[in-house]
Amino acid sequence: MTSVLDLQEVTTRYGELAGIDRITLTVPEAACFPILGDNGAGKSTLLETIAGLSRPASGRILFNGRDITRLGAEDRGRLGIGIALEGRRLFSDLTVIENLRAAVLLLPRADRPSAIESAYEIFPQLRARSRQTAGTLSGGEQQMLALVRVLIRQPRLLLLDEPSLGLAPWLAKAILQRVWELTARRVTVIVAEPNTSVLPQTELTGCLLYRGKVVDVAPVPYLLSLDSAAIQTKLQLRPIDE
Amino acid sequence: MALLADYILTHLVYLSILVIFAAGVVVLYGLAGVFTLGHQGFMAIGAYFAAGIACLMPAGGSPILAAALLVASVIAGVGGAVAGGLLLTGPSVRLRGDYMALATLAFAEILVALIRNTEALGGMRGLDVASLLPRASGSARLPILGTYALASVAMAAGAVLAVQRLGRSRLGIALRALRDDELAARSMGLENRRARLISFTMGAGLCGLAGCLYAHFSGHVSPRDFGFVQGAMVLLYVVLGGSTAVGTVCAVAVVYFLDEGLKLRCFGLLTGGLGDALVNWKDAILAGLLIALLAWRPYGLLTANRLRSEP
Amino acid sequence: MSYLLTQLGNGLMLGCMYGLIAVGFSLVYGVARLMNFAHGEFFMVGAYGALFSAELPLWRWGNGAGATMFWTLVISVLVSAASGALVSVLVERLAYRRIRRVSRTATFLVAVGASILLQQIGFKVFSASPRGFPDVCTPVVVAAPTLSGWLQPSAGLPCEVAVTSQLQAVALSPSGTSAVTFVVLAFAVWGALFFVLRTDTGLAIRAVSIDEKSARSVGIRPQPAIVITFAVGGALAGIAGFLWSLRYGGVQPLMGFIPGVKAFVAAVIGGVGSVTGALVGGLLLGLLETLSFAYLPGEVSGYRDAVTLLLLLVFLLIRPLGLLGRQFGEAA
Amino acid sequence: MSGALEPERPHTELSHEPPVLAGSRLTKFYGGVAALERVSLEIPPGEVIGVVGANGAGKSTLLNLLTGAIRPDDGEVYVGGRPMNGQSPAAFAHAGVARTFQKLRLFPSLTILENVCVAMPSTERWSLRSALLRGRSEVGREEDERARGLALLRLVGLEDRAKHLIGNLTYGQRRLVELARALAREASVVLLDEPAAGMNANEERQLCDVLIRINQARHLALLIVEHRWALLRRMAHRALWLSDGRVVQEGAPESVFAAILDSAGVITR
């Protein structure tokens, strides 16, 4: 399995604390790669660094072997990297259709209508809401809009930051099920999600973050079994500067 | 030689008036964290109150009466400014950042527009202040000027010391906490209404005091003296001084020296074409320089950019 | 009755001019969270730009047939828009770009500095005496509130700007001037609305205003959107400057300050960040001023500026979001 | 969860006084989304209650409502039996409610000791005169507050860092300073928002020890929002499971954790 994404010793400061610290990570092609960790462990910083929204202080990022460390978020978007930010971050005063139009400004003018149309195929409920301002949608509908804003650009690497935030587990599972169908075996997905029940299956390989460092890359059930004492001993094995 | 002394003493008085005014803004902006653009309104209140009361001086009245009226006019000026300050505490709690700036600007500009349109206050031309200290000329002028200079420097030093002590007191710590993170501070029981009341009183009061001294010393007050630009300049000194009392005094001194220097062709060093150009373009050069300084050190010349202190 | 109509007409036109300036101020605040105090100066630059183009020898006023008049106007509008836009973009590039993200207070002070700098350059390049369109225009004593203002104890005290003069546009009869003003205003207002609400660039600008990080995540570059916003804002203010000087004359370096403040008031009343809000706020303010000037007794109308600012204070206290504005979360 | 060590849960008999903090039918909407719907709970004096649930289930919203940071759209908050109906966070603090925040919110321009002392209930109201003149009584009060502040810092093991700014502290130490600041309020209930997030094993143990000792010594009620069940197993008398803005289950910690596990909603990492 060739690797889609390689991070080499990437460090990004975020305020003073919840940054990421010399992270080295390889994400296999067309895999669903969960990222686990406490709030403030650096999950969002890692995803935003990969998407180009935060500039790393040091280290290199390779996408399909090409160094994209210096590229901005817009250029990475063109290369096929899409991110759905934590907390949905919709353009709440724009209508649903305007949100979609804004999301496809990146594409050539000819492809935009078909891309917008595909959004309604992924989540048909949105068609009835297209004239409504995004802020007035229900929690589930807002999450659907946030997801289609990225999906309709057919990204090759999809980054999801806590997609189940604020939703009842059954609703999150139903919505994300649609995403897994679309991306299985075709799109590489990196998802930061503490609620592991919404993941496509239980036996995925992911990584656990603690204070901006990678504790381990292993199957999710094993990562879930590590408590703070185990993390302590694991990190001791590697030189850490507390 | 007397001319040089006169020049120095006069500028010393204006410098200390500016320091007292800036100390007031340090309390409003530095401690209370209020983005103020209207502090020149408080100074205008102080100046016009002082001018008004000074007019009651009967010609040739006894010096004791003059001294009493002088004290009365200062108290009235400061009191009026404090009243103006209290007026703004209400909105200051509800409005944030930019909107508070616009509200204080509107307050000051309304005040100045009203003054400019009421004949009783001299309208556009302004009021002459029957200076209670005899405007002696010739040899008698220096001692009078000396006492003025001494008094204003003492008051300026007192203002700076008071602001410094306020900063270190428990009230000062509470004000800084409220400025760093208002919700966290209020969740710890810090009632910002009372803290704002106190800091507005002191801030506006100092601005009013500066207004009184300016009225008495310059002998003339007019709406133009309290324009929007003058207010912005003082806020600039406070920002360049890192929102601290001492830092602001240095910033005031530096810019004042620069302004004078440019005006006098670098104290007579540059004569001829370049000198004229310098004087001619003085304000443009000063504005450009201050923009550059701010861009380089937005939180004050001495504070490193890392140490953000922003209301 | 016709007096009321003409006053309403004047009020509408004055309102549209305030609206045009307010649109620029509002858009810039929306997309960059920046109170552009130098925005009034783009209005002045536009006036000088149009003046410059109108004085070009090959387009003398009034001697050619209607066509020359038409082309002169078109050129003047274009030049005033271009000069306003150019200076606006320059100010963004040189003064605001770096400081904007660092500190709000410093950014405001830089804006004041830029405003003073433009006024000073205006004085040196165009001299203080007011100039009207190549027609007679009553001279008015003018001087700038110098930077150090009352800092100079001895030097002559700076004097305040007098009330602007009335223009007697010989070549264009008053009704001709208002007709032209009305057409150009209508075109500019429609253009502003169309640009922001209908075009893709307008959509990008609105997206950046609402949530810059989210806009970047969907591939919109904030920096070009901000530059375009400054350019459009500057152009609209420039056009307003040209029309103002066409109707009221008195093109002098300080002409931008008071209309600039009025535009801030209009933007806040209408709701900062919304284009329609800025236009509505401008119209309201223009009508209020013109009617109060026309109907209130003489000495009271002297308080016109105070009334405008009082309106600002009232709106700030009771409805800071303005009529059509919305809460600007610090999402950026 | 490992739960290796036997949970020595502090046993205090729950008295019949009015609850130190209570919420009835608390509801909060953000746009079209109900962050919290008709949530009721009561915290008797001295009780430790744990709140668990997925991110976005409404835990922080509940905590913000109970501390006055935000106002409920419906329902009522009672502190010591008295309705608070929308008073300011400072009024909540004076009524005896203290809190910490999920994202650290210490005061950067103040030293660590000042961070703690600023939260102390200043009996004497500020006045300009006392601030400027600093008479004997004022200095005396400052000395007393400094001593109490240092005692709190000693409790969390940071007394030697009193003069430092928060810049040069590790993450765990900052959490402990925030705890000391909350305890400085001498409140009847302290609400903690994910206090152990990002803490290593010994910092977590130290936090637990401090909380247990304070709970027993000062009969201080605690509401702890936390993902790490191990900490709640050691301390909590009761647990409350929030999901999608509603209370799913409330009761003994073990029964609530068991309910979460077999609902196949493995919530926590």
**Item:** Closest-packed option against chain C by number of heavy-atom pairs under 4.5 Å, given Leu15(B), Leu105(B), Leu102(B)
**Value:** Leu102(B)
**Asked** What orientation do Phe228(B) and Phe108(C) show, parallel under 30°, tilted 30 to 60°, or perpendicular over 60°?
**Response** perpendicular
**Message:** Just so I understand: if I count every heavy-atom pair under 4.5 Å between each of Val112(B), Leu236(B), Leu111(B) and chain C, which residue has the most?
**Reply:** Leu236(B)
**Message:** Taking side chain as everything from C-beta outward and backbone as N, CA, C, O, which of these in Phe315(C) sits under 4.5 Å from a heavy atom of chain B? Side chain, backbone, both or neither.
**Reply:** neither
**Request:** Against chain B, work out which of Ile99(C), Val265(C), Leu118(C) has the most heavy-atom pairs shorter than 4.5 Å and name it.
**Result:** Ile99(C)
**Message:** Is Val110(C) close to chain B through its backbone or its side chain, or both, or neither, when contacts mean heavy atoms under 4.5 Å?
**Reply:** both
**Fill in**
If one checks every heavy atom of Val261(C) against chain B at 4.5 Å, the contacting part turns out to be neither
**Request:** Count the heavy-atom pairs under 4.5 Å between each of Leu310(C), Leu117(C), Leu94(C) and chain B, then report the option with the highest count.
**Result:** Leu117(C)
**Asked** Where is the tightest heavy-atom contact between Ala103(B) and Leu313(C), given as atom of each residue plus distance?
**Response** O-CD1, 3.4 Å
**Contact origin within Leu109(C) toward chain B - heavy atom pairs under 4.5 Å** = both
**Prompt:** Which distance, rounded to the nearest 0.5 Å, do you find between the CG of Leu312(C) and the CZ of Phe107(B)?
**Reply:** 14.0 Å
**Item:** Contacting region of Ala101(B) [heavy-atom separation from chain C under 4.5 Å]
**Value:** side chain
